[in-house]
Amino acid sequence: MGAEAPPGLAEAVELGLTEGEYALIVELLGREPVQVELACFSLLWSEHCSYKHSRALLSTLPTEGPALVMGPGENAGAVDVGDGMVVAFKVESHNHPSAVEPFQGAATGVGGILRDVFAVGARPIAILDSLRFGEPAQSERSRYLLDHAVGGIGHYGNSIGVPTVGGEVYFEAPYEQNCLINAMCLGLAPRERLIRSAAAGPDNVLILFGARTGRDGIGGASVLASAELSADDEHKRPSVQIGDPFEEKKLLECSLELLDRGLLVALQDLGAAGLTSSAAEMASKGEVGVDLHVDRVPLREPGLEPFEIMVSESQERMLCVATPDRVADVLAICAHHEVHGTPIGTVTDTGRMRIFEHGEMVGDMPVRALVDDCPRYALDPRKPEAPLYPPPARSLDRGAGAAQTLTALLASANLSSRRPLFEQYDALVQSRTVRRPEQADASVLLLSDPDGREPAPGPLGERPAIAVSIDGSGRRVAADPYTGTVAAVLECAANLACVGAEPLGLTNCLNFGNPEKPHVAWQLSESVRGLGDACRALSVPVVGGNVSLYNEGADGPIYPTPVVGMVGALPDARRAAPLAFQRRGDAIGVIAPLGASLGASELHKLRGEPLPDGLPAIDLPAAVARLTPIRDAVRAGELSSVHDIAEGGALVAIAECCLAGALGAEIELEDDDEARFGEGAVGFVLSGPEPALRALGARVIGTVGGEALRAGALSIPLAELAEAHGALAALFR
Amino acid sequence: MRFGIVRFPGSCDEVDALRAAERVGDATLLWHTERDLKGADAIIVPGGFSYGDYLRCGAIARFAPVMEAVAEHAREGGLVLGICNGFQVLCEAGLLPGALLPNTGVRFLCRQVDVQVENASTPFTWRCERRDTLSIPVKHTTGRYYAPEEVLDDLEAHRRIVLRYAPGHNPNGSSRDVAGVCSEQGNVMGLMPHPEHAVDPLTGSDDGLRLLESMASAARVVGHH
Amino acid sequence: MKARVLIRPRAGILEPQGQAVERALPALGFSGVRGVRVGRLIELDVDDPATLPELCRRLLSNPLIEDYEIQTEDPAS
Amino acid sequence: MKARVLIRPRAGILEPQGQAVERALPALGFSGVRGVRVGRLIELDVDDPATLPELCRRLLSNPLIEDYEIQTEDPAS
Ligand SMILES: Nc1ncnc2c1ncn2[C@@H]1O[C@H](COP(=O)(O)OP(=O)(O)O)[C@@H](O)[C@H]1O
Ligand SMILES: [Mg+2]
């Protein structure tokens with residue numbers, strides 16, 4: 001190897017490794033790592049790649065289910081949706097890049113999750129986003145982040161032709177310095193096209209294809225540069241990655257055609273830690289070695305050092321393995337799609353990742369050391385003695401009357417209509433979208449095949465579909481990590497039930513603070529325990545996910561935010577219930593939420609109440625038992641509308657049903673805040689024929705009709721409700 | 001009766017257009033490098049972001065080899081429909097008057113809008129009645145129709161404004177609420193709304209189908225081949 | 001030779017991006033700025049600058065809605 | 001005073017627009033053009049040109065990925 005002196009411990013520490021980890025690397029290599037090796041280790045042994053603080057917890061999650069086709073460990077998990085088709089899906093965070101540059105950070109977040117999905121051979125058919133920012137009323141910066149992050153998501157998704165069909169956004173002070181940008185993608189594939197990422201077959205060829213490699217995202221690793229940069233050269237180390245959806249569109253079509261033609265042994269996207277991570281993961285999964293020739297990697301600008309090429313996070317790149325006799329065909333397909341394809345290495349039986357530059361070996365590491373031997377750290381979870389978060393700022397007087405309270409809630413940043421946001425997303429491309437945002441609690445997509453052909457309808461004209469929902473309330477998880485997480489999973493399941501879908505699988509992104517702090521460790525372990533229990537109760541497997549830790553600002557950690565995405569199937573999209581009231585004269589029924597309380601509710605937030613220490617426990621079996629009858633009633637077409645009672649409680653849910661249908665309601669609801677505005681799990685507002693509502697155990701509280709929402713003394717014209725609900729538009733001027 | 005749907009790198013709605021066209025006829029995709037229209041009777045230049053749309057929407061696509069054949073087809077009287085990005089491409093190519101500018105709201109906008117049929121005797125609308133209202137979605141950032149006043153006057157005088165946004169539905173600030181215009185001969189039309197996304201009540205509306213049906217039967221009559 | 005092409009929306013055509021910039025100014029504490037118009041800047045290396053006007057007319061600008069201006073490093077200076 | 005701000009992508013940052021233009025040129029019969037970079041041109045009227053650098057940094061450009069250059073009509077000339 002090169003004669004240059006190895007960088008040493010000081011650099012290793014600067015790259016984020018501990019002294020102990022450095023010593024272990026020296027032991028595993030039998031010598032000190034050289035520059036490029038240290039770069040590889042520092043990235044693969046980072047929390048992001050190694051899951052060194054979370055892997056033990058993740059292993060407690062249930063990953064088996066009747067529909068499961070591919071579980072955690074691949075780029076995306078997949079479930080069987082019938083007809084020989086599978087849906088692959090995953091949610092991933094791009095929090096830290098988005099805090100630096102929200103437009104490009106969010107855009108490349110979408111680009112990254114799309115690649116994860118087509119890396120398994122699925123055509124991306126839908127995107128959802130889950131966003132958290134500080135309080136927009138107080139924070140100019142939060143408004144800026146919101147505007148630009150939404151712009152970036154739209155830019156990427158709209159330009160690549162994948163609809164953004166749903167999502168969620170919440171505003172809370174603890175996200176002020178650390179916004180969350182999570183994106184979920186669903187893809188569709190014929191079952192036989194699914195591919196794994198394990199490299200196999202010594203002498204097989206590694207082909208890098210897609211964009212050329214630049215110095216994008218080298219960021220921290222730039223301390224390794226052999227030449228000191230002067231201030232004028234600073235621009236040579238850009239850490240902001242720019243997304244190019246046009247390049248990704250070509251990459252997507254190219255990848256799927258390569259798979260359709262059966263030309264590949266394995267396929268993997270390049271994401272965090274670039275080539276290092278992709279090559280090492282592929283080798284590790286296949287229990288093989290790889291030789292990589294960095295001088296063959298096409299560069300966007302000259303003069304990149306080997307370590308820069310190995311860790312560059314330039315976007316829109318994929319790595320595949322093909323047998324030598326197929327390489328020419330692979331390159332021809334690349335050329336047809338105007339995508340660069342370059343053989344850059346070979347699979348070996350050495351079990352080592354060896355890096356060559358102009359034929360000279362410049363790095364040589366056991367794959368196992370890189371991928372498996374990173375130390376795992378036990379958490380030291382401890383429940384905090386004192387509240388971690390200050391009470392929210394008060395914006396509503398405790399003495400406000402019911403009407404004022406309701407309009408204040410509807411106009412609040414967390415509850416107002418998301419229309420000004422989701423209208424910036426193409427929700428329709430690919431022609432599957434049966435229920436768009438605000439039409440139902442879950443997005444509903446027809447199950448046409450990846451080429452847009454819908455199978456012949458069933459004997460009664462049924463049109464099979466899938467449904468998807470994404471949820472997670474940080475404030476409720478902060479109040480009670482276990483119950484709050486259970487509630488998030490139940491809310492997803494309730495959303496699916498509203499459209500008649502049965503859950504098939506779940507993905508999650510665990511956004512937490514620094515796990516080395518005992519109280520964050522406690523939030524994380526309690527939350528994962530809740531996630532596992534709720535999944536087991538629902539018999540829904542976790543098919544994959546992502547962990548984003550160290551989300552902290554100067555004032556402490558973010559609200560612990562497990563974001564849950566759930567995918568389900570329904571036999572007939574025509575029956576997917578809307579949330580809007582449909583018909584004058586329909587009866588309105590309420591199934592009150594389980595464990596409802598005002599603690600950690602939106603109302604308490606507006607009133608500036610501190611978070612409670614714990615939420616009322618939710619009876620999980622009872623909650624799960626509520627879902628099936630709702631689902632069956634929807635499938636049977638017995639209801640006109642179904643909406644789950646979530647943030648803001650029952651009265652807010654009813655107002656939403658009125659607004660969506662432009663129909664008033666005349667109801668009787670107990671004259672107390674808990675009944676009106678209390679929040680819990682698996683509550684519903686239904687409309688339809690009275691007997692159907694009663695059969696579901698709903699309390700019938702009134703009828704649809706009129707131009708106002710009337711509840712006892714309270715009477716608010718629809719126009720007034722609509723004006724309050726439209727408050728978010730002010731943030732997008 | 002056969003539709004040819006142009007596919008540029010970066011097209012997004014070409015498969016939607018293909019499946020929509022298949023509801024009323026035969027349809028095939030035409031790759032941007034091809035000069036052969038594969039016997040298509042009517043051409044659709046679909047939506048999306050051709051070549052990334054990085055310079056100016058439609059500016060690069062209009063130079064694609066396939067567009068030479070499309071222009072030739074139009075000169076011979078064949079039907080050409082440009083949807084969204086396809087409308088931009090046809091304007092850039094000079095097959096339609098005017099240009100599309102950024103929405104007054106600056107942002108991308110995806111919304112179901114009502115459009116009114118102003119001229120029901122074009123090959124694209126003859127299955128509609130004048131003043132019919134169609135519910136069709138728009139989704140674009142650059143859809144504000146612009147042409148100099150005298151051009152707009154002329155378009156109006158010759159009934160070449162085929163579709164207008166219904167009152168209160170103009171999503172982008174288009175001059176005189178123009179949603180779709182046609183060529184002097186009436187065989188080339190461009191519109192910002194997406195009729196291929198309005199072919200099934202389950203996904204929102206099937207009003208767009210009437211435009212495609214009009215084309216299918218008109219192409220059969222004209223039968224320029 | 002290095003050249004720059006400045007492309008600007010033609011006078012009289014509404015330019016909403018510039019308006020959005022103007023709307024954002026007061027919140028950031030800026031006053032005394034008006035008439036903001038946003039166009040495009042294209043920088044390139046060209047062997048023969050005589051080809052630039054045609055390039056501008058055919059590809060880089062749309063004459064119906066945009067004006068262009070070519071700046072080359074004056075070889076005489 | 002009339003001023004122009006030229007905003008261009010920083011060196012080393014991926015610049016897809018310029019790439020797209022450059023790749024399209026040969027098909028149009030233009031050769032001998034390289035290094036295309038696309039940025040923005042902002043024209044405005046400003047009372048006090050001394051405020052421009054801050055305006056550029058805070059609103060008109062994104063300093064992480066863009067450089068700016070201010071051109072004012074030199075009052076001396
Ligand atoms: N919270 C989680 N729950 C379940 N599986 C997870 C979770 N976080 C990560 N995983 C799984 O761990 C693997 C590695 O994740 P990640 O590093 O994000 O993959 P990639 O590099 O493809 O983005 C993936 O298969 C992912 O699904
Ligand atoms: Mg991956």
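- Heavy atoms closer than 4.5 Å to chain A are found nowhere in D67(D), neither backbone nor side chain.
- Note: L64(D) CG to F103(A) CZ = 14.0 Å, rounded to the nearest 0.5 Å.
- Residues I13(D) and R300(A) share a closest heavy-atom pair of C-NH2, 3.9 Å.
- If you measure heavy-atom distances from L14(D) to chain A, the contacts under 4.5 Å come from both the backbone and the side chain.
- Scanning all heavy atoms of the two residues, the minimum distance from P16(D) to G243(A) falls at CG-O, 4.3 Å.
- Residues of residues 18-52 of chain D having a heavy atom under 4.5 Å from any heavy atom of chain A, listed by number: Q19(D), R23(D).
- Legend: residues meeting salt bridge (Lys or Arg N to Asp or Glu O under 4.0 Å) with D426(A), ordered by chain and number and at least two apart, are K139(B).
- Note that CD of E101(A) and CG of N62(D) are 4.5 Å apart. Values are rounded to the nearest 0.5 Å.
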